[in-house]
Amino acid sequence: MATYIGRFAPSPTGELHLGSLVCAIASYLDAKAHNGSWLVRIEDLDPPREPAWAAPKILKTLRVLGLSSDEPIVYQSDRHHLYKEALDYLITNKFVYGCSCSRKQIAEYQNARGKPANIYPGICRDKHLTEGIRAWRFKVPSEDRFFRDRHFGEYRQNIEQEVGDFVLKRADGFWAYQLAVVVDDHQQGITHIVRGADLLDNTPRQIELQKALKYSTPSYMQNGATGLDLENIDAEIDKAWTHLGFERFSFDSCEGFFSKAVDLWRKSPYFAE
């Protein structure tokens with residue numbers, strides 16, 4: 001079997017909630033069912049939204065669950081130089097452009113045309129700005145793009161019509177999620193990504209970035225809040241397991257749960273060679 005490297009990459013904006021627990025368990029089980037490695041990455045790129053206690057609390061929860069990263073935990077806040085290298089490459093090769101638009105200007109422009117304010121229409125694409133740049137945007141294709149998700153099947157999206165040219169570096173100086181996650185997945189050698197269905201429509205953008213940066217594309221599987229009760233962790237695991245569509249089974253420890261769950265995962269429709 002080919003090398004499998006999966007990951008769980010939470011943003012430390014609060015406690016680990018049920019949706020995150022589902023993703024953690026699913027990604028872990030898929031990695032172990034493939035005899036692969038499972039990595040943890042903390043996606044801490046937005047300091048104003050990240051309380052200091054959140055990352056330690058998330059990691060404590062994973063420890064309570066018995067979920068240990070097979071390699072040292074990576075923090076995105078330590079990797080700004082990698083994102084800069086990638087952006088510089090994209091600028092040099094004309095995959096991105098500087099944009100001077102504010103959110104208000106974009107909204108006014110779109111409203112005047114009866115278009116959604118959250119879709120960027122390429123106002124600055126051909127201006128070739130060298131001054132007054134607020135953000136850097138990736139030029140998206142006009143054609144439909146599609147990929148095959150292991151759970152949802154074929155997913156098709158016209159990025160230009162549904163999203164527009166998207167931001168890689170924000171006006172406030174912070175790196176955008178889309179660039180950072182693509183760079184990190186490549187740098188860590190991630191081959192398989194199991195994550196929440198709320199990120200399904202992000203995937204075509206990330207694949208376009210991977211192509212531009214000459215990265216390989218991982219296999220994707222999206223699956224479909226309050227903080228977890230660490231004093232009753234067995235019940236929380238049970239909720240996540242049944243949320244994934246499996247039948248309940250009895251277990252007396254986290255270790256016992258994962259020992260049986262890995263085998264059940266291998267026998268499920270989620271498993272793919």
Side-chain angles (χ1 to χ4, degrees), residues 3-13 23 27 30-31 36-46 69 71 73-99 120 135-141 143-150 152 155-160 162-223:
T3 300
Y4 180 116
I5 303 177
R7 50 80 159 171
F8 175 58
S11 297
T13 56
C23 293
S27 61
D30 201 53
S37 298
W38 184 75
L39 313 184
V40 174
R41 180 170 73 231
I42 299 297
E43 299 195 330
D44 55 342
L45 282 182
D46 197 354
S69 179
E71 293 183 9
I73 294 167
V74 164
Y75 290 79
Q76 286 187 329
S77 56
D78 295 331
R79 300 164 71 81
H80 294 277
H81 63 290
L82 296 175
Y83 313 139
K84 184 180 185 303
E85 288 175 7
L87 181 62
D88 288 346
Y89 173 87
L90 294 170
I91 292 172
T92 299
N93 290 278
K94 304 186 187 310
F95 287 107
V96 303
Y97 61 89
C99 175
Y120 184 74
W136 290 94
R137 292 184 179 272
F138 184 83
K139 298 178 192 176
V140 302
E143 304 84 7
D144 285 4
R145 291 290 191 260
F146 69 91
F147 75 100
R148 179 161 293 279
D149 182 86
R150 285 169 51 197
F152 288 97
Y155 181 83
R156 185 177 295 268
Q157 183 184 66
N158 187 300
I159 309 173
E160 184 179 60
E162 298 180 40
V163 180
D165 294 338
F166 56 93
V167 170
L168 299 185
K169 191 173 187 182
R170 294 164 21 184
D172 56 14
F174 294 133
W175 298 103
Y177 164 77
Q178 306 296 352
L179 178 64
V181 71
V182 165
V183 171
D184 286 332
D185 285 340
H186 172 72
Q187 291 289 335
Q188 293 187 279
I190 303 300
T191 62
H192 293 70
I193 295 173
V194 178
R195 60 186 183 184
D198 59 319
L199 293 171
L200 182 64
D201 66 351
N202 283 233
T203 308
R205 279 172 271 174
Q206 292 166 19
I207 292 175
E208 288 303 309
L209 272 175
Q210 290 158 0
K211 290 178 182 176
L213 290 164
K214 298 182 180 180
Y215 295 168
S216 59
T217 295
S219 167
Y220 287 94
M221 184 174 80
Q222 267 81 190
N223 57 69

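As the structure is a computational prediction, the values presented were derived from the model and not from experiment.
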Got a list of side-chain donor-acceptor pairs under 3.5 Å for residues 79-86, not counting sequence neighbours?
{"residue": "R79", "atom": "NE", "partner": "D184", "partner atom": "OD1", "Å": "2.5"}
{"residue": "R79", "atom": "NH2", "partner": "D184", "partner atom": "OD1", "Å": "3.2"}
{"residue": "H80", "atom": "ND1", "partner": "W175", "partner atom": "NE1", "Å": "3.1"}
{"residue": "H80", "atom": "NE2", "partner": "S77", "partner atom": "O", "Å": "3.2"}
{"residue": "Y83", "atom": "OH", "partner": "D184", "partner atom": "OD1", "Å": "3.2"}
{"residue": "Y83", "atom": "OH", "partner": "D184", "partner atom": "OD2", "Å": "2.7"}
{"residue": "K84", "atom": "NZ", "partner": "D88", "partner atom": "OD2", "Å": "2.8"}

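Annotation: side chain to side chain donor-acceptor pair (under 3.5 Å) contacts of Q210 (sequence neighbours excluded): T217, Y220. Scanning for side chain to side chain contact (heavy atoms under 4.5 Å, CB included) contacts around D198 gives an empty result, with sequence neighbours left out. For R156, the side chain to side chain donor-acceptor pair (under 3.5 Å) criterion is met by E154, not counting sequence neighbours. By the side chain to side chain donor-acceptor pair (under 3.5 Å) test, D144 is found to be paired with N158, residues two or more places apart in sequence or in another chain being considered. Partners of P10 according to the side chain to side chain contact (heavy atoms under 4.5 Å, CB included) rule, which considers only residues two or more places apart in sequence or in another chain, are F8, I42, I58. Remark: D78 engages no residue in a side chain to side chain donor-acceptor pair (under 3.5 Å) (not counting sequence neighbours). Remark: A31 pairs with Y4, W38 by the side chain to side chain contact (heavy atoms under 4.5 Å, CB included) rule, at least two apart or across chains. When the salt bridge (charged side-chain N to carboxylate O under 4.0 Å, His left out) test is applied to D149, no partner is found at least two apart in sequence or on another chain. For Y177, there are no ring-ring contact (aromatic ring centres under 6.0 Å, His included) partners, not counting sequence neighbours. For E208, the salt bridge (charged side-chain N to carboxylate O under 4.0 Å, His left out) criterion is met by R145, K211, not counting sequence neighbours. Qualifying ring-ring contact (aromatic ring centres under 6.0 Å, His included) partners for Y120, counting only residues two or more places apart in sequence or in other chains: none.
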- Query: Between L179 and L90, is a side-chain contact (heavy atoms from CB on, under 4.5 Å) present by the stated rule, with each step listed?
  - Reply: CA-CA 11 Å; L179 178 64; L90 294 170; 4.3 Å; yes

- Task: Could you go through the side-chain contact (heavy atoms from CB on, under 4.5 Å) check for F174 and V167 one step at a time?
- Result: CA-CA 10 Å; F174 294 133; V167 170; over 6 Å; no

- Please test Q188 against I5 for side-chain contact (heavy atoms from CB on, under 4.5 Å), starting from the C-alpha separation and ending with a verdict. CA-CA 8 Å; Q188 293 187 279; I5 303 177; 5.9 Å; no

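For the 3.5 Å distance criterion, the side chains of Y215 and D185 fail to qualify, holding no donor opposite an acceptor.
Across all non-hydrogen atoms, the minimal contact from P218 to H192 is CB-N, 4.2 Å.
The distance from the SG atom of C99 to the CG atom of L168 is 11.5 Å, given to the nearest 0.5 Å. W136 CH2 to L87 CG: the interatomic distance, rounded to the nearest 0.5 Å, is 7.0 Å. For the atom pair CG (D165) and CZ (R205), the distance works out to 11.5 Å, reported to the nearest 0.5 Å. Atom CZ of R41 is separated from atom CD1 of I73 by 12.5 Å, given to the nearest 0.5 angstrom. With values rounded to the nearest 0.5 angstrom, N202 atom CG is found 10.5 Å from I159 atom CD1. To the nearest 0.5 angstrom, H186 atom NE2 is 7.0 Å from S216 atom OG.
You'll find the side chain of I207 stays beyond 4.5 Å of the side chain of F146, heavy atoms only. The shortest distance between side-chain heavy atoms of T203 and Y155 does not fall below 4.5 Å. With contacts defined as side-chain heavy-atom distances shorter than 4.5 Å, the pair V96/K169 does not qualify. Here the side chains of Q206 and V181 are in contact, with some heavy-atom distance below 4.5 Å. At a threshold of 4.5 Å between non-hydrogen side-chain atoms, the residues I193 and L199 do not count as touching.
Within the 3.5 Å criterion, the main-chain N or O of F152 finds no donor-acceptor partner in the side chain of Q222. Within the 3.5 Å criterion, the main-chain N or O of F95 finds no donor-acceptor partner in the side chain of N93.
Other residues, nucleotides and ligands contribute more than 12 heavy atoms inside 6.0 Å of the OH atom of Y89.
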